[in-house]
Undergrad: 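Below is the structure I would like to discuss, written out as structure tokens.
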2 protein chains.
Amino acid sequence: MDSGTGAGADGPNYVEATQKSLTVLRYLKEHGPATLSEIASGTDSAKSTVYRHLQTLEEAGYLVETDDGYRIGQLYLDYGIEAQRSHPLYEVGKPKVDALAEKVGEKVWLVVEENGYAVYLYLHSGEELYRSFTRVGYRGHLHAFSAGKAILAQMSKSEVNAIIDRRGLPAYTDQTITDPKTLFAELDRIRQQGYALHLNEAVDGGNAIGVPIQHEDGSPAGSICVAGPAHRLNESYLRDELSDLLLGTKNEIELSMRYEA
Amino acid sequence: MDSGTGAGADGPNYVEATQKSLTVLRYLKEHGPATLSEIASGTDSAKSTVYRHLQTLEEAGYLVETDDGYRIGQLYLDYGIEAQRSHPLYEVGKPKVDALAEKVGEKVWLVVEENGYAVYLYLHSGEELYRSFTRVGYRGHLHAFSAGKAILAQMSKSEVNAIIDRRGLPAYTDQTITDPKTLFAELDRIRQQGYALHLNEAVDGGNAIGVPIQHEDGSPAGSICVAGPAHRLNESYLRDELSDLLLGTKNEIELSMRYEA
DNA sequence: CCCCGTTGTTCGCGAGAGTGAAACTTTTGT
DNA sequence: ACAAAAGTTTCACTCTCGCGAACAACGGGG
């Protein structure tokens with residue numbers, strides 16, 4: 001799912017020992033529980049080296065040793081929920097997202113940009129059961145989903161280019177935009193109509209609509225997004241009905257950001 | 001809230017650079033957004049040192065630079081939700097906890113032990129609004145709450161002593177057991193009656209009841225816990241009504257663990 | 001019951017990475 | 001426009017980190 005840069009950037013401005021520890025943690029997150037030997041061969045490091053990293057990380061709570069090897073620790077959940085709750089958009093956006101989800105009865109997402117990725121910060125499920133492949137905390141490329149494109153549309157061309165350089169434009173499905181020129185045209189369209197659509201691009205065949213949330217100066221704060229199965233969220237329903245509701249919620253959130261802070 | 005060991009254990013088996021990175025991250029989690037200079041003075045390190053750690057951690061997604069300084073990144077949420085969902089008890093315990101919460105209309109928790117702490121893995125809120133100071137991902141000492149005591153009660157004396165040595169017995173309120181002897185007597189009582197009570201010990205003046213969940217071999221897998229305001233969850237209601245319901249759920253979960261794995 | 005293959009832990013050494021002080025640059029506030 | 005503070009880069013020294021090898025602890029099979 002990642003571009004596969006491996007261990008991370010090097011140079012004199014990075015701490016390699018830390019990078020090695022984080023590589024171990026990422027290996028465990030992606031592969032599930034693993035033994036010392038597995039991790040050592042999976043990360044191309046000496047057993048003794050991995051051993052010391054594991055000791056350090058366990059002592060700090062970042063991982064746990066169980067019957068079937070080492071696993072990611074619930075300390076991440078502690079830090080993660082803290083990060084979620086203390087995000088500037090969360091407190092302001094959550095009640096509005098909840099209200100919108102109750103009204104439309106579909107999944108509504110609150111999405112922000114971080115490290116060049118779209119991060120799904122919060123979800124209200126609404127009534128309908130709809131199994132999306134996304135979940136809270138999910139990180140994906142900005143260009144591949146409506147919520148991310150809504151965020152990109154608020155950025156300057158150079159900012160978008162910086163993100164393309166950093167994260168690339170990988171294809172999630174055969175509908176994904178993988179060409180910068182096409183992407184910029186799409187972002188123009190989004191700016192004009194005020195919302196981003198996502199039709200059959202997702203791996204699960206669902207549709208979605210995303211609307212940007214902006215700071216007072218026009219810089220992107222995030223986006224809200226309604227997602228669901230294509231048969232219920234067809235294009236005309238998205239364009240004619242949902243877009244107005246989302247734009248209303250967008251305005252409410254932007255007002256709250258200004259006067260409740 | 002922590003015993004305050006600071007940076008972590010040292011010795012030849014630990015990676016100090018990693019510990020320094022994790023110290024920076026913990027500082028940010030506990031103090032909220034902070035600038036380079038603040039972090040440097042707050043962690044007793046040179047600015048240039050902290051600088052390189054921050055670069056490394058940001059590049060890896062563990063933190064983000066914003067207007068008001070560096071903050072914990074939502075990558076923690078990604079890893080944390082993953083850790084939660086993939087925990088052995090989560091998949092099995094969640095549906096049963098949900099069912100119990102619907103029935104009793106109170107908050108029901110799923111709690112596990114990790115690194116010598118009680119970790120609140122999952123919550124179903126039930127109907128009633130009750131603002132507990134706990135939240136998903138919270139880590140606290142095992143001896144200070146009913147859920148944790150229910151877990152301790154399933155451990156051998158030496159295991160309990162090991163945890164006392166590691167984490168101590170700090171007082172959360174004036175009702176907290178801070179003496180090993182008293183604690184072991186309490187654990188005996190819990191083993192006899194099958195559940196742990198928590199009356200007015202918590203900082204928020206709430207009551208709670210915790211019931212252990214055990215593996216087939218008797219070792220502790222975690223516990224379930226109902227918590228709420230003391231006026232609704234008085235002692236006789238906990239003992240006479242809730243305890244049976246909880247013990248029923250406990251059995252369901254233990255059965256699922258055996259035959260659905 | 002012992003042997004052997006594997007996994008986990010300890011040891012010792014050399015390279016080079018991490019550290020902090022200080023110089024330098026940029027930003028902020030007045 | 002200036003001063004003060006924050007952030008970034010440079011540099012030399014030291015000690016950590018990483019590796020390989022040796023050692024110990026299992027565990028399964030003959």
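Below, read A as the first sequence line, B as the second, and so on, with proteins coming before strands; counting in each chain starts at 1.
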Undergrad: Drop me the distance from B/Lys94's NZ to B/Leu123's CG, to the nearest 0.5 angstrom.
TA: 11.0 Å
Undergrad: When the ring planes of A/His143 and A/His141 are compared, do they come out parallel, tilted or perpendicular, using 30° and 60° as the limits?
TA: perpendicular
Undergrad: Taking 4.0 Å as the cut-off, does a side-chain nitrogen or oxygen of B/Ser48 come that near to OP1 or OP2 on D/dT8?
TA: no
Undergrad: Just the rounded figure in Å: distance from C1' of D/dC15 to NZ of B/Lys20.
TA: 13 Å
Undergrad: Report yes if the side chains of B/Glu113 and B/Val119 come closer than 4.5 Å at any heavy-atom pair, otherwise no.
TA: no
Undergrad: Quick one: A/Tyr51 OH to D/dA21 P, roughly how many Å, whole number?
TA: 20 Å
Undergrad: Go nucleotide by nucleotide along DNA chain C from the 5' end; which of A/Glu38 and B/Asp44 gets its closest nucleotide reached first?
TA: A/Glu38
Undergrad: Assign each of A/Thr18 and B/Gln55 to its nearest nucleotide of DNA chain D by heavy atoms, then name whichever residue's nucleotide is nearer the 5' end.
TA: B/Gln55
Undergrad: On DNA chain D, does the nearest nucleotide to A/Asn13 precede the nearest nucleotide to B/Glu16 from the 5' side, or the other way round? Give the residue.
TA: A/Asn13
Undergrad: Expressed as a whole number of angstroms, how long is the span from B/Leu54:CG to D/dT9:P?
TA: 13 Å
Undergrad: Would you mind reading off the distance between A/Gln19 atom CD and C/dA17 atom C1', rounded to a whole angstrom?
TA: 12 Å
Undergrad: So, OP1 or OP2 of C/dT19: does either fall under 4.0 Å of a side-chain N or O from B/Ser45?
TA: no
Undergrad: Looking only at side-chain N and O atoms, does B/His53 come under 4.0 Å of OP1 or OP2 in C/dT19?
TA: yes
Undergrad: Taking 4.0 Å as the cut-off, does a side-chain nitrogen or oxygen of B/Thr49 come that near to OP1 or OP2 on C/dG20?
TA: yes
Undergrad: Can you measure B/Glu65 atom CD to C/dT27 atom P for me and round it to whole angstrom units?
TA: 12 Å
Undergrad: Once you round it to whole Å, what is the distance between P of C/dT7 and CG of A/Asp67?
TA: 17 Å
Undergrad: Could you check, using the six-membered ring where one of them is a Trp, whether A/Phe145 and A/Tyr172 have ring centers closer than 6.0 angstrom?
TA: yes
Undergrad: Within a radius of less than 6.0 Å around CG of A/Asp67, do more than 12 heavy atoms belonging to other residues, nucleotides or ligands occur?
TA: no
Undergrad: So which nucleotide from D/dT8, D/dC19, C/dT7 ends up closest to the side chain of B/Lys47?
TA: D/dT8
Undergrad: Rounding to a whole Å, what distance do you find between B/Leu36:CG and D/dT9:P?
TA: 12 Å
